[in-house]
Amino acid sequence: MLKAKSEGKLAKQICEVVLDHFEKQYSRELGDSWSTVRDVLISPSLWQYAILLNRFNYPFELEKDLHLKGYHTLFQGSLAYYPKSMKCYLSRTTDRLPSERHQTGNLKKYYLLNAASLLPVLALELRDGEKVLDMCAAPGGKSIALLQCACPGYLHCNEYDRLRLRWLRQTLESFIPQPLVNIIKVSELDGRGMGDAQPETFDKVLVDAPCSNDRSWLFSSDSQKAACRIQHRRNLPFLQVELLRSAIKALRPGGLLVYSTCTLSKAENQDVISEILNSYSNIVPVDIRGIARTCSQDFTFAPTDQECELLVIPNKGKAWGPMYVAKLKKSWSTGKW
């Protein structure tokens, strides 16, 4: 095991099995960019944390303090969709605020997150009153971010993993006031069956799919488990395609679907979306290249095959990602090819 650079007392350990696997795959898929991405991924001391302010318990004093310390708001450029109610601050440095403790009955003031994880939320363009499904919602950060953008008529947060479901419930309880809780349904269902159970129900669907989480996999403490994960990695695209097929069934005609992962893997990203676009005549890509143009001062984007895709890759001073985002629309025509 190699020792990672860390400013903490206990340095994280890099799992060589995973690193070797990533070296082979990503040097091929990312080319010259991989060495820089690799340096950031294996060095937690370079990682950055954005601060999403909670509009339901707004921290005015903290906001003043962040301004004084030189933090700036994310998405300073003019995105076509950017709600004023969403406030996210970040620093060019690796400063990190402490996480707030969960206290029943008290709403937290802010949520620490990888800034790139807001891109799928913004791509969904949530409006007041819409019905939205967050199909793989734990730990809940994207659900929280959606509620910073708008007040949906109905938000269904689903998580199949029981342990992660508890985490999701606690996150929602920590950030969302009681009146809004009444419009939120939390379930523990297999996402692959949700489309059949609730056909053409939702205006917007977010599929933040289970994936090979590059950041956490690199620090697997058990080499045998890590090797097993690598073996099972090839099965993930099949699950991801099935989740998307279910999401398409659950989406009403004219509705928007956003797919996201926190991996660099082409098999789990571009190849999954190509499979979907080649399978359906009523699913059309939505151009999101404007986000990349607007946000290039805060994020580093890798080239992708389709106009409906973004891939954020970690860079020094912009250590956000990995985050893949794809945006699709269900047209009014029906059926598959």
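Atoms considered below: every heavy atom in the structure, side chains included; atoms not considered: hydrogens, waters and symmetry mates.
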* Step-by-step side-chain hydrogen bond (donor to acceptor under 3.5 Å, both in side chains) determination, Q270 to T304 -> CA-CA 8 Å; Q270 292 98 315; T304 52; 5.8 Å; no
* Residues K109 and E100 bridged, charged N to O under 4.0 Å -> no
* **Side-chain ion pair, D214 and R233, N-O less than 4.0 Å** => yes
* Asked: Is R127 salt-bridged to E130, cutoff N-O under 4.0 Å?
  -> no
* Asked: So, are E242 and R192 salt-bridged, with charged N and O less than 4.0 Å apart?
  -> yes
* Which atom of V312 lies closest to which atom of L264, heavy atoms considered -> O-CD2, 4.5 Å
* Is there a side-chain contact between I273 and Y259 (heavy atoms, below 4.5 Å)? -> yes
* Taking NZ, NE, NH1 and NH2 as the nitrogens, is one of them in D65 or K69 under 4.0 Å from a carboxylate oxygen of the other? -> yes
* Are E23 and R38 within salt-bridge range, i.e. N to O under 4.0 Å? -> yes
* For R229 and S220, which heavy atoms make the closest approach, and how far apart are they? -> NH1-OG, 3.2 Å
* Asked: Are K142 and D134 close enough for a salt bridge, meaning some N to O gap below 4.0 Å?
  -> no
* Asked: Heavy atoms, side chains only, cut-off 4.5 Å: are N158 and C136 in contact?
  -> no
* To do: Would you check if the distance from the ring center of Y111 to the ring center of F175 is below 6.0 Å?
  => yes
* Asked: For L277 and I283, which heavy atoms make the closest approach, and how far apart are they?
  -> CD2-O, 3.7 Å
* Structure fact -> Smallest heavy-atom separation, P120 atom then M323 atom, equals CG-SD, 4.0 Å
* To do: Taking all heavy atoms of N57 and all of K108, pick out the closest pair and write down the distance.
  => CB-O, 4.0 Å
* Hey, are K327 and E125 close enough for a salt bridge, meaning a charged N less than 4.0 Å from a carboxylate O? -> yes
